[in-house]
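Working notes, beginning with the structure itself.
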Amino acid sequence: MSGLRAAAITDDSPSPVAGTSLWFRIIASILIIGHLWAVIGRPIEFATQGPFGTSPSAILFRNPVRAYSEFAYLDHGYAFFAPDPGPSHLIAATVTDPNGVMTELLYPDLGDQWPRLMYHRHFMLSEFLNNIYHPPGEPPLDIVNNPTAARDWRMARRRYEAVRDSIVACLQKQHPDCVIAIRRLQHRQPGLPEFFEEKIAIDDARLVTTLLDEIEPAEMSQTQEMMPRDGGTPPLGTMPLPSTVMPPVEIPRSPIPRSSSIEEIRPIRENAGPEPEVPAAASATEAN
Amino acid sequence: MIDLLAKAWDAWQRFWFAKENLLTVSVMRWPMVGMILYTHLIWTLDFEAFFADQASWQSREFIREYQSEQFAYSFWWYIPPQWMWTAHFVSLVILSLFWIGFAAPITGWLCFMIVVSYANRVPLAMYGLDQVNGIAALYLALSPCGGRLSVDAWIRRRLQNVNAASRVVGRTLGWVFKVPFWGVCQRTYDRPASSARLSMRLFQVHLCFIYLWGGLGKLQGETWWNGEAVWLAAASLDYQSNDLTWLAHFPWLYQSLSVATWVWEISFPILVWQPHLRPWVLMVGVMMHLGIGMFLGMWTFGLAMIFMYLAFVPPETYNSVWLQFVSVFRNIGPVAVES
């Protein structure tokens, strides 16, 4: 028995390099270095992202291995819970049947999506919708003067609308003959002073804010202030940092202008705030 | 100088290409491919909502436009709508075959293709779990992970124990099908191999990069410095699966946990290579991921990360655990090392 054990382990123990040719090892070494380059390329890009894009040096560094990293599904930033654990972003969908009865659905919802993995799938979907959000309307004056920035501005909005319309179309398929309207919600965590002094629990309705489909006035003026007249890169240190710290409690603002066809849609949730965001597809359905 | 370079080259070769027991990668195949299989099985519950061409959460047109400048591929682009369910079930069958180690040299690469194709079809619903699944699928496909603890190994033993005629049949099948049956019939198929070492090292080094960038990313945030990050994670209702708000009453605890997290992540790539520290470093990681699973509901991601730690366990440990397991439960004398 012990002999068998010893023999087995000795036979299987790591042995010196043998049985492979030198050329094989040289080529394999080059491939390994290229592979590891691809592994770190995307995290470096991710870490050097700013409000005006990724560092040109990081892009240059990754370019030779970009195709491989995308092909092999290695293009990840690995920034788990970084730079800060932020608020969650949810999607609230209002489903109105032909009789006018409204049902409110929430994505993600632990009660509806099971198992937990499926819940996380919906969670990522709602987070993505928020991540690519871009306000409607024409770009601000300073951006209009820069054709590239203006094109990017409009493309970003189209991209957001495409994702939003996909979500609405999926809900429409699940609820035929109903009018679907969705809106983005932000669910933040209570700060410690709120938790202790104001007794705001983590499920407190006051922590949920409806995100409006419009440009943030403060953000707009800040952006205009930061952007140089020629549309070039703003001076270092003047760029606003990504919003990572919990925002203060927001006071619901006046609703966004909407078409008369959705007048009767009202939010059901007590904390839902202003009117939902209704994409073109849903409006058209209702108009018909 | 030349001597130094020669030593470095020798160390490099030993690090990546020394022959390694297949047991480590073969053991890793079971939990990792099991997780991949589970991940894809769950899509079945809401398959059409995510994968249908039209009226799905992520429309085909949008995703193709979204990836138009990427080298991302997916076989889903070539599957007609009426064949989507079939393609899904065939994918699950292939993943199951790789899981049990049948024709692993082929099913391994098919598994990788499936993982990437699913991820690129619904990229908006992907998260850390899918990234780890992709890594696992790639490195297991590169490895001879079907050499042990597998149906391939079982077939090989059967063929070796029967008459010569069967071996001829096996070799003929091997000639026809090239890889899997060829592997089954090779006497050296389960012997230590450089590819096992290469795969194991890639797992180890990639894990180091993941933690390094995870830690460095946290340093860009304010709350990981001031210690509130763990509180913010604990107070996120949408992640929470068990109440952690009691942490608010112990500022020293959540603050030290916040700092310890990124300190541990950044130091992982250095400390894990120290043999005497390795078990402790990995134990901290296991506790962290189990904690995230228990309190933030991300069991699948946490377990997938822990499974990567198996690459740091030497094959001798698996051997001795297996021998003890067999001895205890069978209470017999000599046992074969081969599973």
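Note on naming: letters A, B, ... go to the chains in the order of the sequence lines (proteins, then strands), and numbering restarts at 1 for each one. Predicted model, so just to flag it, every value in this text is computed and none were measured.
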*Flag the one option from B:Ala72, B:Ala55, B:Ala52, B:Gly217 with the top tally of heavy-atom pairs under 4.5 Å to chain A.*
B:Ala55
*With A:Met124, which residues qualify under side-chain contact (heavy atoms from CB on, under 4.5 Å), at least two apart?*
B:Tyr127, B:Tyr239
*Do the ring centers of A:Tyr78 and B:Phe209 come within less than 6.0 Å of each other?*
no
*For A:Ser29 and B:Trp12, does a side-chain donor sit closer than 3.5 Å to a side-chain acceptor?*
yes
*What distance separates A:His120 NE2 from B:Ile42 CD1, expressed to the nearest 0.5 Å?*
12.5 Å
*asked:* To the closest 0.5 Å, what do you measure between CG (A:Leu117) and CG (B:Leu129)?
replied: 6.0 Å
*Between atom CG of A:Asp84 and atom CG of B:Leu232, what is the distance when rounded to the nearest 0.5 Å?*
7.5 Å
_Check: A:Phe128 ring centroid to B:Trp57 ring centroid under 6.0 Å_ = no
*asked:* What's the separation between atom OH in A:Tyr119 and atom OG in B:Ser241, rounded to the nearest 0.5 Å?
replied: 9.5 Å
*Could you tell me whether B:Trp213 and A:Phe46 have their ring centroids closer than 6.0 angstrom?*
no
*Of all the heavy-atom pairs spanning B:Gln220 and A:Pro83, show the shortest one and how long it is.*
C-CB, 3.7 Å
*Check: A:Tyr73 ring centre within less than 6.0 Å of B:Phe112 ring centre*: no
*asked:* Could you report the tightest heavy-atom contact between B:Ala49 and A:Cys170, atom names first, then the distance?
replied: O-SG, 3.8 Å
*Does the distance from a Lys or Arg side-chain N to an Asp or Glu carboxylate O, for B:Asp238 and A:Arg188, drop under 4.0 Å?*
no
*Minimum heavy-atom separation for A:Phe80 to B:Lys218, with atom names?*
O-NZ, 2.8 Å
